[in-house]
Amino acid sequence: MSVDTLIRPGLRRVEHVMGTPVSLDIADDRPPTVLAARADEVFAWLREVDARFSTYRPDSEVCRFDRGELLLSEASADLRRVLERCADLWGATDGFFDAYATGGLDPSGYVKGWAVQVASDRLRAAGIDNHCLNAGGDVRVRGHSSTGLPWRIGVRHPWNPSAVCLVLTGTDLAVATSGVYERGPHVRDPRRGAPARGLRSVTVIGHDLGLADAYATAAVAMGVAGIGWLDRLPAHRHAVITDDARCLHSADLPLAPDPAP
């Protein structure tokens, strides 16, 4: 039997968490009870993150902190860690990644990627070496898919929700996409205090999904200047779709080969 037809057992689960469908694919040959337990842990963690960091829940820790009802010394270790990382990213992006860009505290541009990265790290620590976790376009893959081949990650077409514009492949990738095609111009240019313009979609590929997520958000906020900034970003690759439909990407982007005819 050829490698592309050998299907390993595993698990697939989809739940709605953090305001988006989250899919987990595990391609390890482990007992179903073990796989189900690991999946339960992943989604429990993501629900915990949502409860703590949601800007839509008045009782969330991030909202209580933003209103001054919670001191930093009283905050959880996770909130303190995220706030510290957001401050670092503000400096690393010359202020274009700004958790206060909308006026109040909103670390969402880092939190979703960070949460998925933590979940993937925990899966790997538990011996689940082959998995794909996708939270609304923020994707962490490790190992191989159920076919035994590297994972394939489709990047959504920014004008056609039923199509992809690129397909990436790999065995250890963090892929984050930020764009204005679903929620409109929600990313703001913190210098102008206005919605960002120029880039329709930015995908950043690295090995830490929190960083990739934040860098993609920052590049969208920069507008067309973000293309040059991404070109100089070390240890990361990118693909950009501009508002005028140009597609620009790193020369070494891990593109999947075209399927055989």
Side-chain angles (χ1 to χ4, degrees), residues 78 81-99 107-125 129-145 149-156 164-179 187 190 196 198-242 246-257:
D78 282 339
R81 186 178 299 112
V82 164
L83 292 175
E84 181 179 357
R85 201 70 188 104
C86 287
D88 292 342
L89 286 162
W90 183 87
T93 62
D94 200 21
F96 279 98
F97 180 86
D98 187 350
S108 303
Y110 173 73
V111 163
K112 182 153 67 81
W114 163 75
V116 172
Q117 180 70 42
V118 169
S120 176
D121 290 345
R122 291 178 177 179
L123 283 171
R124 192 173 189 187
D129 296 323
N130 303 283
H131 62 264
C132 172
L133 186 56
N134 182 343
D138 286 348
V139 185
R140 190 64 171 93
V141 299
R142 278 178 159 134
H144 295 78
S145 71
L149 298 174
W151 295 97
R152 293 168 62 91
I153 306 110
V155 178
R156 210 202 89 164
V164 297
C165 56
L166 295 168
V167 179
L168 310 174
T169 186
T171 59
D172 184 12
L173 297 177
V175 180
T177 299
S178 182
V187 178
L199 301 184
R200 181 79 174 178
S201 171
V202 173
T203 298
V204 175
I205 302 97
H207 293 287
D208 182 293
L209 193 57
L211 284 181
D213 197 6
Y215 289 155
T217 301
V220 172
M222 293 177 192
V224 292
I227 300 170
W229 180 80
L230 288 168
D231 285 335
R232 299 186 298 273
L233 193 63
H236 290 79
R237 291 162 286 180
H238 66 273
V240 171
I241 309 293
T242 64
R246 289 179 296 143
C247 180
L248 308 168
H249 62 74
S250 303
D252 58 345
L253 198 70
L255 292 169

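Side-chain atoms of Asn130 never come within 3.5 Å of backbone atoms of Gly143 as a donor-acceptor pair (strictly under, hydrogens ignored). No donor-acceptor pair under 3.5 Å is formed between the side chain of Arg140 and the backbone N or O of Asn134. Judged by distance alone, the side chain of Thr217 and the main-chain N or O of Asp213 form a donor-acceptor pair under 3.5 Å. For Arg232 (side chain) and Gly228 (main-chain N/O), a donor-acceptor pair under 3.5 Å exists by modelled atom type. When atom types are taken as modelled, the side chain of Arg237 and the backbone of Asp252 share a donor-acceptor pair closer than 3.5 angstrom.
One finds the CG atom of Asp121 at 11.5 Å from the CH2 atom of Trp114 (value rounded to the nearest 0.5 Å). Here the CZ-SG distance, from Arg200 to Cys165, works out to 11.5 Å after rounding to the nearest 0.5 Å. Between atom CG of residue Leu253 and atom OG1 of residue Thr203 there is a gap of 8.5 Å, rounded to the nearest 0.5 Å. Atoms CG and OG1, on Leu149 and Thr171 in that order, are 11.5 Å from each other to the nearest 0.5 Å. Atom CG in Asp208 sits 4.5 Å away from atom CD in Gln117 (nearest 0.5 Å). A distance of 10.0 Å separates NE2 of His236 from CG of Leu230, quoted to the nearest 0.5 Å.
Partner of Val220 under the side-chain contact (heavy atoms from CB on, under 4.5 Å) criterion, chosen from Thr177, Val202, Val240: Val202.
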Next item on the list: Apply the test side-chain hydrogen bond (donor to acceptor under 3.5 Å, both in side chains) to residues Asp231 and His238: give CA-CA distance (whole Å), side-chain angles for both, the deciding distance (0.1 Å), then the verdict.
Entry: CA-CA 8 Å; Asp231 285 335; His238 66 273; 3.2 Å; yes
